[in-house]
Protein chains: 2
Amino acid sequence: MERFKDVLKASNLKSTHQRLAILDSIDQFGHIDIDTLFDVIIRKYPTMSKATLYRNINDLINFHILEEVKLPHQKQQYEIKKVPHIHLLCSKCGSVEDIFIDTKPLLEAISHQSGFIINSSFMVMNGICQHCRS
Amino acid sequence: MERFKDVLKASNLKSTHQRLAILDSIDQFGHIDIDTLFDVIIRKYPTMSKATLYRNINDLINFHILEEVKLPHQKQQYEIKKVPHIHLLCSKCGSVEDIFIDTKPLLEAISHQSGFIINSSFMVMNGICQHCRS
DNA sequence: CTTAAATAGGATAGTTAATATCTTATTAAG
DNA sequence: CTTAATAAGATATTAACTATCCTATTTAAG
């Protein structure tokens with residue numbers, strides 16, 4: 001994952017194995033909570049400490065490399081910051097899907113109605129996924 | 001606040017002073033975090049315990065009387081469950097406004113594209129409120 | 001390559017948030 | 001009023017997160 005080395009360098013953060021493992025794992029899972037992430041990483045780096053994990057997660061969030069995802073009734077999760085998308089949270093199987101769709105019309109309507117300048121948005125849909133329907 | 005007595009009765013929950021104070025305060029604030037809520041209530045009911053507060057909050061959420069609001073980079077908040085609305089979170093003054101707007105077109109587009117059946121949605125807009133702009 | 005300064009990791013202890021348990025008090029129905 | 005059911009309050013406990021300190025790793029310069 002050379003890509004993440006560059007990402008870290010761009011923020012003057014050293015490319016440690018731990019950091020790369022964190023980014024790598026989150027990238028693979030899409031979104032992941034702290035405990036799962038810790039379990040995954042400790043298999044590869046048995047010395048990994050929770051303190052290091054929390055510290056790095058927070059550092060990476062501060063540099064806008066990671067993003068926290070707070071879903072209702074779920075533990076906080078983390079993901080690589082990428083283009084805007086919407087979370088689809090299935091109440092049956094618990095899966096979280098991402099969907100990319102144009103939200104501009106809605107955002108413009110909101111801005112127009114409220115005078116609020118929107119910099120970013122966060123949306124979660126609760127319901128039943130396609131798989132659980134059938 | 002007779003209204004909340006009925007709400008509680010409908011769920012077979014006893015109308016204790018504490019519960020009414022919780023609902024009353026949350027209703028007044030719109031959305032409020034645990035610590036602020038505790039501070040507000042303890043002024044009126046000095047014996048109120050944090051355990052009682054947490055216990056009731058969770059009970060009320062389970063009966064769908066309250067709703068948790070998880071905003072990015074903020075402490076979890078709670079609100080009375082009401083009609084769908086969107087949270088506008090100002091990154092300058094930290095205020096949270098609610099806006100009521102038709103989201104049907106977007107939700108339908110999402111359903112259509114993904115096959116996901118949406119039961120409820122949660123949306124937060126991050127940006128600058130009208131007040132901070134001027 | 002070696003080396004040295006800067007930064008990060010790991011272990012531990014310490015906070016803070018949230019929950020479970022137990023006893024006393026309050027509510028609501030007859 | 002009385003009583004059975006439920007809730008409150010106090011306390012202890014668990015879980016989530018953070019700060020500190022010392023050692024190890026990274027990186028850039030020679």
Side-chain angles (χ1 to χ4, degrees), chain A residues 1-2 4-26 32-63 65-66 68-78, chain B residues 1-2 4-26 32-63 65-66 68-78:
Chain A
M1 273 286 160
E2 282 304 304
F4 289 125
K5 283 200 174 186
D6 296 339
V7 169
L8 289 171
K9 191 157 197 175
S11 296
N12 273 314
L13 294 170
K14 291 185 175 170
S15 291
T16 63
H17 297 133
Q18 291 87 340
R19 276 184 188 147
L20 291 170
I22 290 171
L23 290 170
D24 208 18
S25 305
I26 295 180
I32 190 169
D33 65 272
I34 281 281
D35 292 329
T36 313
L37 184 54
F38 185 70
D39 290 348
V40 168
I41 291 175
I42 209 162
R43 262 179 251 153
K44 221 177 168 187
Y45 297 96
T47 66
M48 170 60 102
S49 145
K50 277 230 164 155
T52 301
L53 183 55
Y54 276 110
R55 197 186 320 115
N56 276 319
I57 289 275
N58 287 330
D59 289 350
L60 293 169
I61 286 173
N62 288 333
F63 281 103
I65 295 167
L66 288 184
E68 39 176 5
V69 183
K70 297 187 171 194
L71 298 168
H73 312 290
Q74 283 217 348
K75 278 192 67 169
Q76 178 160 325
Q77 307 217 11
Y78 302 94
Chain B
M1 273 291 157
E2 282 306 302
F4 288 126
K5 283 200 174 184
D6 297 339
V7 169
L8 288 171
K9 190 156 196 177
S11 295
N12 273 314
L13 294 170
K14 292 186 174 169
S15 291
T16 63
H17 297 133
Q18 292 85 343
R19 276 185 188 145
L20 291 171
I22 289 171
L23 290 170
D24 208 19
S25 305
I26 295 180
I32 190 170
D33 65 271
I34 281 282
D35 292 328
T36 313
L37 185 54
F38 184 70
D39 290 348
V40 168
I41 291 176
I42 209 161
R43 263 179 252 153
K44 220 176 166 186
Y45 297 97
T47 65
M48 169 61 101
S49 144
K50 277 232 165 158
T52 301
L53 183 54
Y54 275 112
R55 197 185 321 114
N56 276 318
I57 289 274
N58 287 330
D59 290 349
L60 292 169
I61 287 172
N62 288 333
F63 280 103
I65 296 168
L66 288 184
E68 39 175 6
V69 183
K70 297 186 171 196
L71 300 167
H73 311 291
Q74 283 217 349
K75 279 192 67 171
Q76 178 159 324
Q77 308 217 10
Y78 303 94

### Query
Just wondering, do Leu60(A) and Leu8(A) contact through their side chains at under 4.5 Å, heavy atoms?
yes
### Task
Report yes if at least one side-chain N or O of Tyr54(A) is closer than 4.0 Å to OP1 or OP2 of dT18(D); otherwise report no.
no
### Message
Quick check for you: to the nearest 0.5 Å, what is the distance between Arg55(B) atom CZ and Ile22(B) atom CD1?
### Response
9.5 Å
### Task
Kindly write out the residues that satisfy side-chain contact (heavy atoms from CB on, under 4.5 Å) with Glu68(A), not counting sequence neighbours, or none if the list is empty.
Ile61(A), Lys70(A), Gln76(A), Tyr78(A), His73(B)
### Task
Provide, to the nearest angstrom, the distance between the CG atom belonging to Leu8(A) and the P atom belonging to dT25(D).
18 Å
### Query
Once you round to the nearest 0.5 Å, how far does CD1 of Ile41(A) lie from OG1 of Thr36(A)?
11.0 Å
### Message
In this structure, how many angstroms lie between the P atom of dA17(C) and the CD1 atom of Ile57(B), rounded?
### Response
15 Å
### Message
How bent is the helix from dC1(C)-dG30(D) to dG30(C)-dC1(D), measuring the angle between the end axes built from five pairs each, rounded to 10°?
### Response
40°
### Query
How close or far is atom P of dG9(C) from atom CG of Asp59(A), stated in whole angstroms?
8 Å
### Task
Rounded to the nearest angstrom, tell me the gap between atom NZ in Lys5(A) and atom P in dT25(D).
16 Å
### Message
At less than 3.5 Å, do the side-chain atoms of Arg19(A) and the base atoms of dG9(C) form a donor-acceptor pair?
### Response
no
### Task
Using whole Å, report how far CZ of Arg55(A) lies from C1' of dC21(D).
11 Å
### Query
Can you tell me how far OH of Tyr45(A) sits from OG1 of Thr52(A), rounded to the nearest 0.5 angstrom?
13.0 Å
#### Entry: Nucleic acid contacts - residues 35-52 of chain A versus DNA chain D, non-hydrogen atoms under 4.0 Å
Ala51(A)
### Message
Can you tell me if Asn56(A) touches the phosphate of dA8(C), counting only side-chain N or O atoms and a distance under 4.0 Å to OP1 or OP2?
### Response
no
### Task
Any side chain to side chain donor-acceptor pair (under 3.5 Å) involving residues 10-20 of chain B? Give me the pairs, sequence neighbours left out, ordered by first then second residue.
Arg19(B)-Asn56(B)
### Task
Could you tell me whether the phosphate oxygens of dT27(C), OP1 or OP2, come under 4.0 Å of any side-chain nitrogen or oxygen in His17(B)?
yes
### Query
Between dT14(D) atom C1' and Lys75(A) atom NZ, what is the distance in whole Å?
13 Å
### Summary
From CG of Leu53(B) across to C1' of dT16(C) the rounded distance in Å is 16 Å
### Task
Using only side-chain N and O atoms of Gln18(B), determine if any of them is under 4.0 Å from OP1 or OP2 of dG9(D).
yes
### Query
Say you draw a straight line from CD of Gln77(A) to CD1 of Ile32(A); how long is it, rounded to the nearest 0.5 Å?
8.0 Å
### Query
Closest nucleotide of DNA chain C for Asn12(A) versus for Asn58(B): which of these residues is on the 5' side?
Asn12(A)
### Message
Are the side chains of Leu66(A) and Leu23(A) in contact, using a 4.5 Å heavy-atom criterion?
### Response
yes
### Query
CD1 of Ile34(A) to CG of Leu53(A): how many Å apart, nearest 0.5 Å?
4.5 Å
### Query
How would you list all residue pairs meeting salt bridge (Lys or Arg N to Asp or Glu O under 4.0 Å) that involve residues 34-46 of chain A, not counting sequence neighbours?
Asp35(A)-Lys50(A), Asp35(A)-Lys75(A)
Between the protein and nucleotides 27-29 of chain D, which nitrogen or oxygen pairs are less than 3.5 angstrom apart?
from, atom 1, to, atom 2, distance (Å)
dT27(D), OP1, Ser15(A), N, 2.9

### Task
Measure the spacing between CG of Asp59(A) and CD1 of Ile65(A) and express it to the nearest 0.5 Å.
9.0 Å
